[in-house]
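Here the structure comes first, spelled out in structure tokens, and everything after it is commentary.
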Amino acid sequence: MSGARPFAVSLAVTLGLALVGATAAYHTRFVADNCNAAAPTPTSYITRDGSATVALRARFEGYQWAGGCWNDNDRDDSPNDPHEDPATGGEGGDCSGFTFKVWRESLDQSDSGFQQWGMLRNVHGPYTAAAFKAGAGAPNITVSKSLLTKMDALASDGHIGLIYATNPDGTDQIIEAKGEDYGTNIWTRTYRGSSSYTGVRRTGWSA
Amino acid sequence: MSQQGRRPSRFDRRRLVPALLGVLAGCTLASVTVGLGSSAVAQRAHSEAGAVFDATHLPALLRLPGERPRLVYDVQCVPEGVDDPERGCDVDGTVFFREDSREAFRAQKLQPSSSFGMRQLTATVPLDVASDTDGFEYYAELRTGGRAAPILLPAGGAHAPHRSLPLPNASTVELGSHVFGNADPGERVVFTRWGDGPRDVGLEPGRSLPAIGASAFDVTDDGKVVVLLDEAHRRALRFEGHEPAPTSVSLAIDGRLADLATDTDGSMYVLESVAAPGRTPLVRWFDRAGRELGVVETAERTPAEIRSGSDGPVVLQHPSHQWMPVADGGALSPPRAQARKAAVGRPVGAGRQVVVLRRGAGEILAAILAGGRVQRSWRIRSDTPLGDVQLAEPAGNRLVIVSRVFTHATDEFTVLVLDGHRLGRQFSTPSDEWAEAAPLGRFRLVGHDLYRLGSNASGAFVARYDLEMP
């Protein structure tokens with residue numbers, strides 16, 4: 001009986017420490033456990049419709065600053081990631097990484113061709129929101145905001161979202177990776193009229 | 001002799017062995033537990049692509065004489081397990097029309113089409129239907145061969161169809177080119193600094209530009225109380241009359257660009273924007289003291305704004321683009337009931353509704369309906385692009401419209417007071433959007449006073465404008 005107490009204490013402490021560590025690590029394990037570095041598939045046929053599908057598959061998934069890997073189980077698998085940390089390895093893209101994959105762009109900014117990236121391919125791409133706003137990269141141009149259509153983007157110096165539909169009151173339904181507390185989804189936004197935002201278009205669509 | 005150098009005694013060894021066994025058992029148990037947890041996570045994190053089936057439609061709510069609407073439904077459909085997003089599934093659909101709400105609906109098959117690489121189903125409205133002087137009602141049912149349930153647009157289907165109303169006597173208002181730089185800042189009635197103190201309003205944490213804070217506000221019917229939603233601190237700040245400091249009311253909310261509507265009894269409705277997985281966003285109802293009175297989900301995925309009406313709060317919801325009552329007879333309404341009582345116009349009391357349609361870059365059609373018929377209507381044209389219509393609401397016999405005007409480099413809000421058949425008054429306000437707020441949470445009209453929520457680097461404020469005309 002004399003060994004029962006130290007056995008129980010050390011069992012409890014070890015188990016507790018291990019589980020606390022595992023729980024803490026959970027939020028940083030999504031990319032390591034699920035994502036890959038597979039090469040993209042070049043494709044010559046790409047439509048706005050297809051890009052809308054890529055975007056819709058990211059709905060309800062998470063947000064990760066500087067990230068670009070998600071699955072399609074309609075939940076954030078790494079919720080409550082710390083804000084302001086690009087290295088937490090959580091699920092989801094950030095706004096510009098999401099746009100890069102939805103527009104199926106190349107890592108080479110001089111290449112305007114189309115690259116099909118898998119959902120679980122962890123890639124952010126070379127563009128920040130501000131770079132998209134400036135029309136940086138061979139496939140991207142700035143466009144008058146009055147002329148924007150579905151799957152064109154509205155970009156500011158710190159954010160970018162894609163137009164999914166237009167509403168009768170002049171607002172837009174924007175599909176976007178909004179932030180850690182928001183994830184990726186469709187929201188009503190007034191970006192189009194805001195002087196902080198510029199219209200951006202990916203060129204070269206089929207059909 | 002130091003403690004570190006002392007070898008374990010026999011007594012210590014008796015304790016050390018079971019302790020080491022405990023560590024070993026703990027590691028084993030933890031490994032099993034974490035392993036099970038990991039496999040559960042791995043199960044959730046499957047790589048298979050899910051099915052996609054979604055549709056949107058910009059309804060022809062208002063139209064000018066001679067216009068024959070072409071109804072267009074953008075449809076996204078890809079089967080489950082298909083990685084290639086370009087490989088769509090078969091979709092078809094039917095649109096149902098009727099000219100009179102007492103008649104049965106007539107079915108017309110939607111035709112496949114495409115525009116800019118987007119798959120669509122379309123129908124041109126039959127001439128006899130389009131030329132009916134009282135307009136027509138319609139809804140669509142969209143289907144796929146897969147397991148997905150049909151989509152009804154609007155969600156209430158035959159119970160709450162879209163309406164398309166002709167405007168034969170619309171008064172035309174020509175705004176010309178907007179002159180920027182003459183915006184009226186208004187009379188500031190509330191100001192509160194960014195911060196965490198009792199009088200401050202909070203900014204949401206995170207890498208969000210612009211900042212997010214003071215997401216919405218409302219003003220009581222007597223104009224004496226301004227309520228500011230401080231969602232970062234999960235509270236409302238009530239600014240009453242000439243009281244030097246606001247009263248803080250704690251609210252159990254999960255804000256994130258939430259909108260706010262107050263009722264005549266001081267109760268508050270908060271419309272959240274982020275939903276739990278597989279759910280729709282919530283409307284939370286609180287009494288004046290912040291006690292929760294109820295919670296209900298919205299009918300649709302993308303609610304845009306909440307307003308108090310004479311018959312209770314209503315929420316503008318997308319993709320139906322309809323105003324849906326979220327309470328009925330003093331109780332919150334479930335999503336299905338919301339969709340079945342939806343309307344294309346915002347109810348503004350006495351059986352009246354206001355319908356707005358911004359079309360093209362610089363045109364707004366607006367109508368006041370009474371008893372379901374167009375009472376007065378306007379066609380507003382601008383050479384400067386018009387953006388979001390933030391407010392369209394009667395003030396006495398007038399209609400007040402607040403819309404954004406914008407260029408590539410700047411934006412303001414233009415306030416139009418439409419008096420009978422003419423533009424009675426027009427002025428502009430700054431946009432003052434240093435922090436992001438709820439998309440349609442920036443303006444409120446109480447009597448003849450227009451209130452505007454703005455923000456700058458120091459804090460958030462509410463400005464007032466007297467719309468009374470000489």
Side-chain angles (χ1 to χ4, degrees), chain A residues 2-3 6-11 14-15 18-19 22 33-34 45-50 52-54 56-57 60 65 71-75 77 83-84 119-120 146 149-150 156-159 165-171 173 179-182 186-190 192-196 205-207, chain B residues 14-15 17-19 21-23 25-27 29-30 33-34 44-47 49-50 52 54 56 58-59 61 74 76 78 85-86 114 116-119 205-210 256 273-274 277-278 301-302 304 318-319 321 356-358 361 385-389 404 406 409-411 433 439:
Chain A
S2 63
F7 175 82
V9 170
S10 57
L11 172 66
T14 308
L15 196 57
L19 292 179
D33 289 348
N34 299 282
Y45 182 77
I46 180 172
T47 65
R48 291 173 187 269
D49 202 48
T53 293
V54 176
L56 287 171
R57 281 181 167 154
F60 308 119
W65 184 15
N71 59 27
D72 188 16
N73 64 355
D74 292 345
R75 61 193 296 165
D77 286 303
H83 300 102
E84 318 290 356
M119 287 185 296
L120 290 170
S146 299
T149 189
K150 187 166 186 168
S156 71
D157 290 334
H159 186 61
T166 298
N167 300 325
D169 58 10
T171 60
Q173 291 172 56
E180 281 292 354
D181 293 334
Y182 294 79
I186 302 170
W187 287 280
T188 300
R189 301 289 185 228
T190 57
R192 189 187 292 255
S194 168
S195 55
S196 301
W205 302 97
S206 305
Chain B
R14 279 204 309 272
R15 290 190 167 208
V17 171
L21 285 173
V23 169
C27 288
L29 269 173
T33 308
V34 171
R44 288 199 304 271
H46 64 80
S47 60
V52 170
D54 196 57
T56 58
L58 184 61
L61 300 178
D74 287 345
Q76 264 69 52
V78 177
E86 300 294 349
S114 71
F116 294 103
M118 292 176 290
R119 189 155 36 153
R207 181 179 167 270
S208 300
L209 291 174
R256 297 184 276 189
S273 77
V274 179
R301 59 167 162 76
T302 312
H318 304 303
H321 311 300
V356 171
L357 176 65
R358 193 215 63 168
L386 297 171
D388 40 291
V389 179
R404 197 189 301 255
F406 69 92
T410 188
D411 69 302
E433 292 180 307

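These values consider heavy atoms only, across backbone and side chains, with no hydrogens, waters or symmetry-generated copies. Every chain is numbered from 1, with letters handed out A, B, ... down the list of sequences.
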Practice task
Under 4.5 Å, counting heavy-atom pairs only, tell me which of Val54(A), Thr188(A), Thr166(A) racks up the most with chain B.
Solution key: Thr188(A)
Completion exercise
Value for CG (Asn167(A)) from NE2 (His318(B)), rounded to nearest 0.5 Å, stands at 3.5 Å
Problem - Proximity breakdown for Arg404(B) and chain A, heavy-atom pairs closer than 4.5 Å - result: side chain
Handout entry: Check: Ala165(A) main-chain N/O paired with Thr56(B) side-chain donor or acceptor under 3.5 Å
Key = no
Problem - Top contributor to chain B interface from Pro168(A), Ser146(A), Ser206(A), Gly50(A) [non-hydrogen pairs under 4.5 Å] - result: Pro168(A)
Handout entry: Proximal component of Thr302(B), with respect to chain A [non-hydrogen, under 4.5 Å]
Key = both
Exercise for the section: Say whether, by atom type as modelled, one donor and one acceptor occur between the side chain of Arg301(B) and the main chain of Pro319(B) under 3.5 angstrom. Expected result: no
Practice task
Mark yes or no for whether Trp205(A), through its side chain, and Gly117(B), through its backbone, hold a donor-acceptor pair below 3.5 Å.
Solution key: no
Problem - Contact origin within Ala304(B) toward chain A - heavy atom pairs under 4.5 Å - result: both
Fill in the blank from the handout: Closest heavy-atom pair, Thr149(A) versus Arg48(A), reported as atoms and distance to 0.1 Å, is CG2-NH1, 3.4 Å
Problem - Per-residue contact mode, Leu357(B) against chain A (heavy atom under 4.5 angstrom) - result: both
Exercise for the section: Select, from Arg358(B), Glu433(B), Arg256(B), Met118(B), the one with the greatest count of heavy-atom pairs under 4.5 Å involving chain A. Expected result: Arg256(B)
Problem - Donor-acceptor contact below 3.5 Å, side chain Asp169(A) vs main chain Asp388(B) - result: no
Exercise for the section: Measure distances from Glu180(A) to the heavy atoms of chain B and classify the residue's part below 4.5 Å as side chain, backbone, both or neither. Expected result: neither
